[in-house]
Amino acid sequence: MKSLNFCIVILSSLSLATITKSQDPSYLYHSCSNDTTYTRNSTYQANLNLLLSSLVSNATRNNLNGFYNSSLGLDPDDVYGLFLCRGDVNKNACHNCVALASKDAIQRCPVEKVVVLWYDLCLLRYSNRAFFATMDQDPGVFLFKSDQNIADEPERFNRLVATTMNDTVTQATIATSGGKKFAVEEVYFTKSLNLYSLAQCTPDLSSSDCNRCLRIATSILPSCCSQKPGASILYPSCNVRYETFKFYNMTTVAAKPPPPPPPTQLTRPKGRGHVSIIVIVAIVIPIAVSMVLFCMGFGFLRRRARKNRVSLPEKDGKEH
Ligand SMILES: *[C@@H]1O[C@H](CO)[C@@H](O)[C@H](O)[C@H]1NC(C)=O
Ligand SMILES: *[C@@H]1O[C@H](CO)[C@@H](O)[C@H](O)[C@H]1NC(C)=O
Ligand SMILES: *[C@@H]1O[C@H](CO)[C@@H](O)[C@H](O)[C@H]1NC(C)=O
Ligand SMILES: *[C@@H]1O[C@H](CO)[C@@H](O)[C@H](O)[C@H]1NC(C)=O
Ligand SMILES: *[C@@H]1O[C@H](CO)[C@@H](O)[C@H](O)[C@H]1NC(C)=O
Ligand SMILES: *[C@@H]1O[C@H](CO)[C@@H](O)[C@H](O)[C@H]1NC(C)=O
């Protein structure tokens with residue numbers, strides 16, 4: 001199977017323990033801070049295991065809106081955790097994702113207390129600190145296909161991404177309280193290409209925190225992902241994504257009326273033909289003050305690096 005070319009940028013003040021791509025198609029990324037760890041067979045581990053199984057079992061419940069937060073244990077062994085399923089995902093798919101994530105978490109982060117795992121269909125997060133109802137954008141992960149660009153009318157595409165994401169964010173933010181803070185949108189780009197967008201917050205956030213989180217996420221797109229036919233910005237508290245294929249499982253009510261199609265123009269993603277995964281990791285302490293860049297893969301990505309990043313030695317990034 002041909003693997004996707006991805007560029008992954010991590011913005012984080014957490015230490016990054018592991019950088020791996022799994023075979024699992026729905027796994028996107030994870031972050032374990034090794035600053036705080038627990039010892040095996042400790043009370044903390046027992047509490048964490050209980051917490052994870054309560055999250056997994058709650059994921060089968062009806063009327064959860066794809067979100068559940070839970071905590072247990074007494075100081076200093078108290079643990080806090082939540083899952084968030086993508087807003088279009090049904091209960092079974094949600095439960096499967098959370099169950100996979102909770103197993104995966106222990107493999108990927110065997111002793112770390114502060115953990116976030118992102119999958120296509122869900123997010124799992126836990127910590128030794130209460131974090132519910134708090135907007136958190138650390139770490140931030142940017143994913144985009146490094147080998148593809150919109151070939152024709154890239155500027156119009158960028159503008160369409162900006163206005164559509166802006167709209168989608170507004171829709172996600174105004175979701176009724178208690179409901180999902182989630183929206184998708186489908187708009188016309190050319191005869192052969194639509195743009196599909198998604199925005200979601202964990203519903204424990206206030207509308208204004210959700211709005212803030214999503215606006216920051218979309219404001220990253222022009223610098224990370226200009227002309228890319230798809231990109232995701234993942235934070236612990238919110239995420240945005242757009243693609244030129246339908247990646248979610250629902251129909252949006254009304255696609256916007258198409259603008260007159262430009263004559264004789266074909267627009268399709270232009271591939272470069274490489275088969276490898278490119279990972280860029282930027283550790284930022286604090287965000288936007290200093291950056292360190294690890295680039296695995298091709299030189300052209302390093303040229304894209306912003307001035308304030310420092311390049312570290314390259315590694316071979318080929319995987320499949
Ligand atoms: C955390 O991981 C980083 C990078 O792998 C390493 O340099 C650091 O020593 C680790 N810290 C602890 C407390 O293990
Ligand atoms: C943890 O407990 C298991 C079973 O009780 C035991 O086999 C294992 O050696 C213990 N590990 C540590 C690190 O104490
Ligand atoms: C849901 O989680 C709570 C703890 O937050 C637990 O007491 C309860 O048994 C779980 N419910 C289900 C249906 O598993
Ligand atoms: C979930 O988080 C809210 C705060 O947003 C808190 O009031 C509630 O007690 C939490 N639920 C559980 C089961 O811990
Ligand atoms: C998408 O919808 C179909 C039909 O309702 C369902 O069978 C499938 O499980 C859904 N996928 C997800 C990820 O929810
Ligand atoms: C973004 O959305 C806000 C609120 O809906 C609107 O006022 C603003 O004009 C939009 N900006 C762009 C660039 O579309």
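Just follow the structure's listing: the first ligand is 1, and inside any ligand the first atom is 1. All figures in this text were calculated on a predicted structure; none of them were measured in a lab.
Protein heavy atom nearest atom 4 (C) of ligand 6, with residue, atom name and distance: T170 OG1, 4.0 Å. Looking only at protein heavy atoms, the nearest one to atom 9 (O) of ligand 3 is N58 ND2, 4.9 Å.
Using a 4.0 Å cut-off to heavy atoms of S70, the atoms of ligand 3 that qualify are 4 (C), 5 (O). Near S71, meaning under 4.0 Å from one of its heavy atoms, ligand 4 places the atoms 14 (O). Less than 4.0 angstrom separates some heavy atom of F132 from each of these atoms of ligand 4: 1 (C), 2 (O), 4 (C), 5 (O). Taking every heavy atom of A133 and a limit of under 4.0 angstrom, the matching atoms of ligand 4 come to 5 (O). Near S57, meaning under 4.0 Å from any of its heavy atoms, are these atoms of ligand 3: 12 (C), 14 (O).
Looking at L100 and S26, their side chains come closer than 4.5 Å, going by heavy atoms from C-beta outward.
Remark: atom 14 (O) of ligand 4 lies closer than 4.0 Å to at least one protein heavy atom. Shown here, atom 7 (O) of ligand 4 is out of close reach of the protein: none of its heavy atoms lies under 4.0 Å off.
Of the polar atoms of R61, none of the N or O atoms is found under 3.5 Å from an N or O of ligand 3, judged by distance alone.
No donor-acceptor contact under 3.5 angstrom links the side chains of T37 and E112, judged on distance only.
The residue among T202, N69, L51 with a heavy atom at the shortest distance from atom 1 (C) of ligand 4 is N69. The heavy atom nearest to atom 10 (C) of ligand 6, considering only T163, N166, T173, is found in N166.
The cationic atom of R108 (NZ for Lys, CZ for Arg) lies less than 6.0 Å from the six-membered ring centre of Y27 and within 45° of the ring axis. Relative to the six-membered ring of F67, K180 misses at least one condition, a distance below 6.0 Å or an angle of at most 45° to the axis. Seen from the ring of F131, R125 counts as a face-on cation partner, given the 6.0 Å and 45° thresholds.
Classified by interplanar angle (parallel below 30°, tilted 30° to 60°, perpendicular above 60°), the ring pair Y235/F142 is perpendicular. Ring planes of F245 and F247: perpendicular class, angle over 60° (limits at 30 and 60°).
Ring-centre distance between F189 and F157: below the 6.0 Å cut-off.
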